[in-house]
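Below you'll find the structure, written out as structure tokens, and then a few comments.
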There are 2 protein chains.
Amino acid sequence: MPRLADKRRAILRGALTVFAREGYTRASIDQIAREAGVSTRTIYNHVADKSALFETVIQESAARVAEAQVEAMDRHLGGAVPDLREALVAFARDHARPTDADHFALVRQIQAEVGHIPEAALDSWQDTGPRRVQRAVEAHLARFMAEGRLRTADPHRAARHLVLLAAGEVTSRSFHGALPLPAKEVDAIVEDGVEVFLRAYAP
Amino acid sequence: MPRLADKRRAILRGALTVFAREGYTRASIDQIAREAGVSTRTIYNHVADKSALFETVIQESAARVAEAQVEAMDRHLGGAVPDLREALVAFARDHARPTDADHFALVRQIQAEVGHIPEAALDSWQDTGPRRVQRAVEAHLARFMAEGRLRTADPHRAARHLVLLAAGEVTSRSFHGALPLPAKEVDAIVEDGVEVFLRAYAP
DNA sequence: GTCACTTTGCCATGCACGTTGTACTTTACC
DNA sequence: GGTAAAGTACAACGTGCATGGCAAAGTGAC
């Protein structure tokens with residue numbers, strides 16, 4: 001097995017955890033090395049410096065999570081959808097209940113660091129992560145509109161509204177999942193959000 | 001004039017700016033002192049340490065901004081409201097267009113720091129800031145419901161939905177105002193948000 | 001088993017920062 | 001104008017951190 005790739009994975013996983021928990025500035029290379037089970041010197045054999053490590057981590061984490069989210073979304077909203085409300089609720093529940101706590105903690109760190117991340121890196125992160133997911137939601141809603149199951153409207157705006165209504169309250173109240181809400185409450189929020197979405201976007 | 005109170009104000013203002021821009025960890029006392037036009041020693045004559053300074057700053061900033069937001073809200077939604085849609089749009093526009101950039105940058109930093117802020121401080125911040133504003137929106141919507149201008153529903157949930165629809169997209173796309181959106185776009189987002197809210201909550 | 005490549009441990013350097021003590025200066029008030 | 005409170009300049013201490021060098025040890029491929 002290539003040692004190199006193994007170490008790389010370990011480093012990125014460790015860095016994700018530590019950056020997510022501590023934030024960019026507080027996170028130290030020593031801490032990351034410990035978390036990854038690797039020497040600090042090895043980290044510097046793989047990446048140029050701390051900021052390059054951060055950019056790599058956010059990029060790969062965004063790609064991985066966006067992939068999973070789009071896949072779940074296709075499962076819930078793709079193919080035959082007998083009950084639209086039920087499908088939207090299922091999608092929204094998955095979306096509001098982030099499985100990958102580290103990733104979403106990292107998102108908070110990114111949002112706080114906006115002013116210190118190079119524009120290109122930020123843009124590329126948005127493109128592989130949040131915007132990718134947004135485009136996927138949009139495509140599904142456009143299809144529902146074309147099929148006459150939702151009223152015709154700007155699918156871009158509608159996708160934003162759906163995600164905000166379904167996941168926005170959970171995100172803001174739980175600080176992106178840092179202080180988790182009871183499952184019962186999440187379900188209620190999601191159902192009410194979809195309810196409102198459907199009232200507004202019913203054909 | 002009491003020098004003491006003057007210096008205190010200068011320190012808190014400078015600390016707000018620096019904490020907002022740099023985040024808690026990266027912000028240094030030297031930087032804050034420079035920004036405030038004060039010696040570092042004076043800072044330590046006013047607060048015990050850096051973390052106490054941070055807690056004081058977030059608390060006072062939350063109080064000040066919440067006060068202004070509630071006041072603007074009362075202006076738009078209180079008293080006689082001939083045109084509900086127009087009033088909601090006016091309110092939402094004020095709400096989505098944060099005047100105090102420092103404060104909202106600080107909010108991002110707080111969200112990233114959740115895991116490092118003592119629970120009591122975080123709770124108290126939420127109570128004087130976001131929850132206070134939420135309760136005020138709620139009260140206005142409850143009144144509209146009682147008057148039959150909105151359908152009867154949980155005002156708490158409705159208030160969340162209104163704020164999310166009106167300001168959520170602006171907040172998330174502009175990173176709480178860090179990368180400002182063109183005014184034209186903000187207006188369009190706000191109008192669409194209110195439109196959806198009214199479709200869902202019309203009597 | 002040898003070899004090229006990685007990894008590791010350890011040391012070193014230089015810097016930035018939080019925090020404190022001290023001795024001097026400013027300032028509001030009598 | 002004198003006095004007590006508050007502010008400032010400056011130096012100092014200890015610590016933690018990013019980063020680099022180097023030689024020794026490990027490891028997969030032949």
Side-chain angles (χ1 to χ4, degrees), chain A residues 1-60 106 109-110 112-113 115-118 121, chain B residues 1-60 106 109-110 112-113 115-118 121:
Chain A
M1 309 304 127
R3 260 185 306 174
L4 211 146
D6 278 355
K7 293 291 171 181
R8 183 190 143 89
R9 248 192 305 281
I11 291 169
L12 292 182
R13 201 175 37 69
L16 170 59
T17 301
V18 177
F19 279 136
R21 188 180 51 220
E22 308 291 342
Y24 177 76
T25 308
R26 204 188 330 245
S28 78
I29 299 288
D30 282 352
Q31 223 175 147
I32 293 172
R34 232 175 301 128
E35 181 78 34
V38 148
S39 83
T40 64
R41 209 59 189 71
T42 300
I43 293 182
Y44 282 103
N45 289 345
H46 283 258
V47 297
D49 56 16
K50 192 181 169 185
S51 71
L53 177 57
F54 187 71
E55 289 181 23
T56 309
V57 166
I58 70 177
Q59 191 67 29
E60 304 219 341
L106 187 63
Q109 305 297 348
I110 293 169
E113 284 287 318
H116 297 91
I117 300 177
Chain B
M1 309 303 126
R3 258 186 307 172
L4 209 146
D6 278 354
K7 293 292 169 179
R8 182 191 144 90
R9 248 193 305 279
I11 291 170
L12 293 182
R13 201 175 36 69
L16 170 60
T17 300
V18 177
F19 279 136
R21 189 177 54 218
E22 307 291 343
Y24 177 76
T25 309
R26 206 189 325 249
S28 77
I29 299 287
D30 282 353
Q31 226 174 144
I32 293 172
R34 231 175 303 129
E35 180 78 33
V38 148
S39 84
T40 64
R41 205 62 185 71
T42 300
I43 294 182
Y44 282 103
N45 289 345
H46 282 257
V47 298
D49 55 18
K50 192 181 170 185
S51 70
L53 177 57
F54 187 70
E55 290 181 23
T56 308
V57 167
I58 69 176
Q59 191 66 29
E60 303 219 343
L106 187 64
Q109 305 296 348
I110 293 169
E113 284 287 318
H116 297 90
I117 300 176

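Throughout, a chain's letter reflects where its sequence line sits, starting with A, and its residues are numbered from 1. Bear in mind that the values here come from a model prediction, so they are computed numbers and not experimental data.
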- Task: To the nearest 0.5 Å, tell me how far B/Leu16 CG sits from B/Ile11 CD1.
- Result: 13.5 Å
- Using whole Å, report how far CD1 of B/Ile43 lies from C1' of C/dG18. 11 Å
- Message: Could you report the tightest heavy-atom contact between B/Ala36 and B/Ala10, atom names first, then the distance?
- Response: CB-O, 3.3 Å
- Note on the structure: B/Phe54 CZ to C/dG18 C1', in whole Å, measures 17 Å
Under 3.5 Å donor-acceptor pairs involving side-chain atoms of residues 46-58 of chain B, not counting sequence neighbours:
| residue | atom | partner | partner atom | Å |
| --- | --- | --- | --- | --- |
| B/Asp49 | OD1 | B/Ser51 | N | 3.4 |
| B/Asp49 | OD1 | B/Ser51 | OG | 3.2 |
| B/Asp49 | OD1 | B/Ala52 | N | 3.1 |
| B/Lys50 | NZ | B/Tyr24 | O | 2.9 |
| B/Lys50 | NZ | B/Thr25 | O | 3.3 |
| B/Lys50 | NZ | B/Ala27 | O | 2.7 |
| B/Thr56 | OG1 | B/Ala52 | O | 2.8 |

- Let me know the distance between NZ of A/Lys7 and C1' of D/dG26, rounded to the nearest Å. 10 Å
- Summarise protein proximity over nucleotides 16-21 of chain D in one line of letters, 5' to 3': B for base, S for sugar-phosphate only, - for none, counting protein heavy atoms closer than 4.0 Å. -SSB-B
- Query: Ion pair present between B/Arg9 and B/Glu60, side-chain N to carboxylate O less than 4.0 angstrom?
  - Reply: no
- Query: How close or far is atom C1' of C/dT7 from atom CZ of A/Arg8, stated in whole angstroms?
  - Reply: 17 Å
- Item | Rounded distance in Å - CG (B/Asn45) to C1' (C/dT19) | 12 Å
- Rounding to the nearest 10°, end axes of the helix from C/dG1-D/dC30 to C/dC30-D/dG1 built from five pairs each make an angle of 30°
- Item | Residues which pass side chain to side chain contact (heavy atoms under 4.5 Å, CB included) with A/Thr17, listed by chain and number, not counting sequence neighbours | A/Arg21, A/Glu35, A/Asp102
- Think B/Ser39 has a side-chain N or O under 4.0 angstrom from the OP1 or OP2 of D/dA9? no
- Query: B/Asp6 CG to C/dT27 P: how many Å, rounded?
  - Reply: 12 Å
- Query: Considering all heavy atoms of both residues, which atom of B/Ala112 and which atom of A/Ala112 are nearest to each other, and what is their separation?
  - Reply: CB-CB, 3.6 Å
- Message: Which residues pass the side chain to side chain donor-acceptor pair (under 3.5 Å) test with B/Gln109, not counting sequence neighbours?
- Response: none
- Task: Only counting residues at least two apart or in another chain, list the ones meeting side chain to side chain contact (heavy atoms under 4.5 Å, CB included) with B/Asn45.
- Result: B/Arg41
- Query: What distance do A/Arg8 atom CZ and A/Thr42 atom OG1 have between them, rounded to the nearest 0.5 Å?
  - Reply: 14.5 Å
- Query: For the pair made of NE2 in B/His46 and P in C/dT19, what is the distance, rounded to whole Å?
  - Reply: 16 Å
